[in-house]
Amino acid sequence: MKAVAVFPGERQIRVTDHPAPKLESPKQVLARVLDVGVCGTDKEIARFDYGTPPDGWDHLVIGHESLSEVVEIGGEVSRVKKGDLIVLTVRRPCPEMCPACRAGRQDFCYTGDFTERGIKQQHGYMTELVAEDEQYAWPVPRELRDVAVLTEPLTIAEKAIEQLWEIQARLPWACPSGPGEKANGSCHHALVLGAGPVGLLGAMALRVYGFEVSVYSRITHGDPGDQVVRAIGANFIDASKVAVEDMARQMGTIDVVYEATGASGLAFEVIAQLGNNAVFIFTGVPGRSGPIPVPTDLIMRDMVLKNQLIYGTVNASPTAFESAIRNLGVFTQRWPEALKTIITKRYPLEQAPELLTGRVQGIKNVVAIAS
Ligand SMILES: [Zn+2]
Ligand SMILES: [Zn+2]
């Protein structure tokens, strides 16, 4: 079958012939891939910054943001049926089965020997058929067919927000809510840095959880990110016109920052503007560049005197997948057009190498493998 793969030895990326998978245990499902999203990680793998083929292979099939349809199930599969749409998770436990991996939380793996489909020692999803244990497959309602490829990038925000509630349980932080209502962020102001797919999906999730949201990003020509921000009832602040200090003054208090740019200079400028009891969440991975000056005294003093907290988060929990699928449903109801705008365009598999190596414009580009 056809697959898009990187060949690190030859420094090549191309469509290749790859053996079709078969069910290898009664707990597995076989699925035909419909959509695969392309993100910054894929582009880094396509630049050979990382991306490791499985042992004994000269290539790695790329792709970790997927939507597929189940075509066959093993005898012991119970959560998904033939014909179901599913999203597959990315990370698999380390061979040592560290305490986190043993608990099904390989997103917190201690050893670092975890594997990741399409990234690290496991073939990914940019191909025609995939087989996987059902425990890594999340069923998706049919109505989400066109947008469910956004599930995996949304899980980043869902895991970040899951932790935010837990961490802020350290203080009286809950906003007033009616009897029986869920916890909400309506009395807090969240700032999202960046209006790429991770930032926009994070802004949408924060809005659904009730936060007042501002998004700080540059307007890139022809990119509808700022329109998406306004459509979801968030406030867009143009970073090319408004300096960080002015942005902070405009916002009043910054209670939460969801960082989705990978720009460390910007991040530390914003950290210096955090309010009392505020939390700063890192999700971006900066490229390698030289050291920059940071006002360490100011930041350290504020962190102590204002009870501030900074944390990084990667990958996702099983519950983050559940919440992401549920929230895509909510987004579809509330902001159908804005959500569709996040997917810029679908491309055939043959064009995937250009998409991965070229400078294709847009928010989220998707490789449509089957319909
Ligand atoms: Zn990704
Ligand atoms: Zn582990």
Side-chain angles (χ1 to χ4, degrees), residues 99-100 105 107-110 112 156-177 183-195 198-199 202-203 205-207 209-217 234-235 237 239 242-317 320:
R105 291 304 303 268
D107 55 312
F108 282 115
C109 179
Y110 282 96
I156 301 169
E158 296 294 351
K159 177 181 170 186
I161 297 169
E162 243 171 40
Q163 293 170 88
L164 177 66
W165 294 126
E166 287 172 16
I167 286 167
Q168 292 301 70
R170 68 192 168 131
L171 63 112
W173 200 66
C175 303
S177 60
N184 72 78
S186 60
C187 59
H188 299 299
H189 204 157
L191 170 66
V192 174
L193 299 181
V198 173
L206 286 161
R207 287 292 297 139
Y209 293 115
F211 290 86
E212 190 186 336
V213 176
S214 294
V215 177
Y216 186 63
S217 179
N235 175 31
I237 306 174
V242 184
V244 167
E245 266 179 47
D246 299 326
M247 175 267 292
R249 211 169 302 126
Q250 258 184 48
M251 279 185 67
T253 311
I254 304 177
D255 300 305
V256 178
V257 180
Y258 181 72
E259 180 279 330
T261 65
S264 63
L266 169 66
F268 279 87
E269 257 190 85
V270 173
I271 285 170
Q273 303 293 334
L274 295 175
N276 281 315
N277 306 323
V279 176
F280 187 103
I281 310 165
F282 278 118
T283 78
V285 180
R288 277 168 240 125
S289 53
I292 48 164
V294 170
T296 51
D297 282 351
L298 175 97
I299 289 174
M300 185 167 160
R301 191 187 62 206
D302 273 5
M303 284 197 71
V304 172
L305 298 180
K306 297 183 181 173
N307 294 293
Q308 293 165 347
L309 207 139
I310 301 175
Y311 67 90
T313 180
V314 70
N315 201 253
S317 58

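The structure displayed is predicted, hence computed values, not measured ones. Residue indices begin at 1 and follow the sequence shown.
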Please test V244 against Y216 for side-chain contact (heavy atoms from CB on, under 4.5 Å), starting from the C-alpha separation and ending with a verdict.
CA-CA 9 Å; V244 167; Y216 186 63; 3.8 Å; yes
Which is it for E259 and L193 under the side-chain contact (heavy atoms from CB on, under 4.5 Å) test, yes or no, and what are the steps along the way?
CA-CA 5 Å; E259 180 279 330; L193 299 181; 4.1 Å; yes
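With rounding to the nearest 0.5 angstrom, the CE atom of M300 is 13.0 Å from the CD atom of Q308. How far OH of Y258 is from CG of L191: 12.5 Å, rounded to the nearest 0.5 Å. Note that the CD1 atom of I237 and the OG atom of S214 stand 4.5 Å from one another [nearest 0.5 Å]. Note that CG of L298 is 11.0 Å distant from CD1 of I271, once rounded to the nearest 0.5 Å. I299 CD1 to Q273 CD: the interatomic distance, rounded to the nearest 0.5 Å, is 10.0 Å. Taking CG of N276 as the start and CG of D302 as the end, the distance is 9.0 Å to the nearest 0.5 Å.
Ring geometry for F282 against F268 counts as tilted: the plane angle lies between 30° and 60°, on a 0 to 90° scale.
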With a 3.5 Å cut-off and sequence neighbours excluded, list the donor-acceptor pairs that the side chains of residues 168-175 form with protein atoms.
residue	atom	partner	partner atom	Å
Q168	OE1	R170	NE	2.7
Q168	OE1	R170	NH2	3.1
Q168	NE2	N277	O	2.9
R170	NH1	N307	O	3.1
R170	NH2	N277	O	3.4
R170	NH2	N307	O	3.1

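A pairwise comparison of heavy atoms in G202 and A157 identifies CA-CB, 3.6 Å as the closest pair. Annotation for A203 and V215: closest pair CB-CG2, 3.9 Å, computed over non-hydrogen atoms. The shortest heavy-atom contact between P176 and C187 is CD-SG, 4.4 Å. Contact detail for I254 and A278: the closest heavy-atom pair is O-CB, 3.4 Å.
A donor-acceptor pair under 3.5 Å links the side-chain atoms of D255 to the main chain of H189, judged by distance alone. In this structure, the side chain of R105 does not engage the main chain of C109 through any donor-acceptor pair within 3.5 Å.
In Y311, the OH atom is crowded: over 12 heavy atoms of neighbouring residues, nucleotides or ligands sit closer than 6.0 Å. By the 6.0 Å contact criterion, CD on Q250 is enclosed, its count of non-hydrogen atoms from other residues, nucleotides or ligands being greater than 12.
Geometrically, K306 does not engage F280 in a cation-pi contact, judged by NZ or CZ lying under 6.0 Å from the ring centre and within 45° of the ring axis.
Partner of T261 under the side chain to side chain contact (heavy atoms under 4.5 Å, CB included) criterion, out of T283, V198, L266, V192: L266 alone. Here the rule is side-chain hydrogen bond (donor to acceptor under 3.5 Å, both in side chains) with S317, and of E162, Q163, K159 only E162 fits it.
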